[in-house]
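Accompanying notes for the structure given below.
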Amino acid sequence: MGDVKRALITNIQGYSIHDGPGIRTVVFFKGCSLGCAWCANPETISPQPQIGFIGNLCARCGKCLEACPENAVSMDEGKHRVDDSSCTACGKCVDACLYGALVRYGREMTVEEVFAAVRRDRMFYEPDGGVTASGGEPLLRAPFVRALFELCRADGIGTCVETSGCAAPEQLLEVLPVTGHVLFDLKLMDPGKHRQYTRQSNEMILQNARLAAAAGADILFRVPLIPTVNDDEGNIRQTAEFVKSVLKQPAVQLMPYHRLGDSKYRALNAPNRLAALEVMAPERLEAVRRAFIAEGVDCTISR
């Protein structure tokens, strides 16, 4: 079940207009069940704290070497600044860096601390906004999310969860009663391709999508649209058929692939599996939108 009171948070982002209705504050939880090849937030995948290195900010002052108790920091040419095999992510190098070249991904926070951060933006939420739990996979921290959402609802703050659906059904059911909106990703319908590109089966994801719909949740299915991966006619048709099978008013939102996560892969010295992939041309994106509409599914594009 996890600690109800504490969770690792990578970021709390205010004034978001793309993560649920209205203006929202997004809480990014660390730890994900999937390993999507196109992930724009690779710092949220691992459930453990990590240290990232932003090379173009480094002044090579050496303060980080002096501060590291594990000798995990190097300034040798050709080496990444932080050796993950010996780094404990204690953050002492981050504190010592005067230039912001080192960053700690994952800060342990209590429910009350996160709620206080969310509540500071309360003036922006009227009439439809609020808080969105994202990640990573927030359902992996279901007791924490529920406790946070209970505080928000008691204070009149709307709640939304952004999920891949790759979590135990009981985790989903724990959060649903206090969740106003569900943003539910549908990435690939073919089980083999889903495992190839996300490292997990989609069986539980589709089960949870049906479960959430049967529970009467306000669901918006979203499709991260990745060129050459899931923009083919077969996946569009299968996705549309699934959405029509679970929603009375079938709709999807397309989320076009972008390259905004590239710098994070470099900071983590992590492989970017789709590093050579180009973003989708606007006319192709519009063609996919029209294809969903032709299948009887209302379709919008997240801008």
Okay, side chain of [X], backbone of [Y]: is any donor-acceptor separation there less than 3.5 Å?
X	Y	result
Arg81	Phe53	no
Arg199	Leu34	no
Asn208	Ala168	no
Ser16	Val26	no
Arg24	Tyr15	no
Asn235	Asn230	yes

Got more than 12 heavy atoms from elsewhere within 6.0 Å of [atom1], [X]?
X	atom1	result
Glu203	CD	no
Lys193	NZ	yes
Ile17	CD1	no
Lys264	NZ	yes
Arg122	CZ	yes

(request) Give the C-alpha distance, both sets of side-chain angles, the deciding distance and a yes or no for side chain to side chain contact (heavy atoms under 4.5 Å, CB included) between Asn202 and Leu188. (result) CA-CA 8 Å; Asn202 62 358; Leu188 280 155; 5.7 Å; no
Do the side chains of [Y] and [X] get nearer than 4.5 Å, heavy atoms only?
X	Y	value
Ile51	Leu102	yes
Lys187	Trp38	yes
Val94	Val103	no

Closest approach of [X] and [Y], non-hydrogen atoms and distance?
X	Y	value
Phe292	Cys299	CB-CB, 3.8 Å
Phe149	Val131	CE1-CG1, 3.9 Å
Phe28	Gly135	CD2-O, 3.7 Å
Gly14	Thr25	CA-OG1, 4.0 Å

Do [X] and [Y] sit in the same hydrophobic cluster, where Ile, Leu, Val, Met, Phe, Trp and Tyr count as joined when their side-chain heavy atoms come under 4.5 Å apart?
X	Y	answer
Leu176	Leu148	yes
Leu247	Leu172	yes
Leu206	Ile219	yes

(message) Check Arg259 with Asp262, please: is the shortest side-chain N to carboxylate O separation under 4.0 Å?
(response) yes
(request) Salt-bridge test for Arg237 and Glu241: reply yes if a basic N is under 4.0 Å from a carboxylate O, no otherwise. (result) no
Please report the interatomic distance [atom1]([X]) to [atom2]([Y]), rounded to the nearest 0.5 Å.
X	Y	atom1	atom2	answer
Thr179	Leu139	OG1	CG	8.0 Å
Gln200	Ser164	CD	OG	9.0 Å
Ile9	Arg107	CD1	CZ	9.5 Å

(message) Checking side-chain hydrogen bond (donor to acceptor under 3.5 Å, both in side chains) between Lys30 and each of Glu43, Gln48, Gln50, which is the one that passes?
(response) Gln50
(request) Take Met189 and His194 through the test side chain to side chain contact (heavy atoms under 4.5 Å, CB included) and record every step on the way to the result. (result) CA-CA 7 Å; Met189 299 305 293; His194 195 281; over 6 Å; no
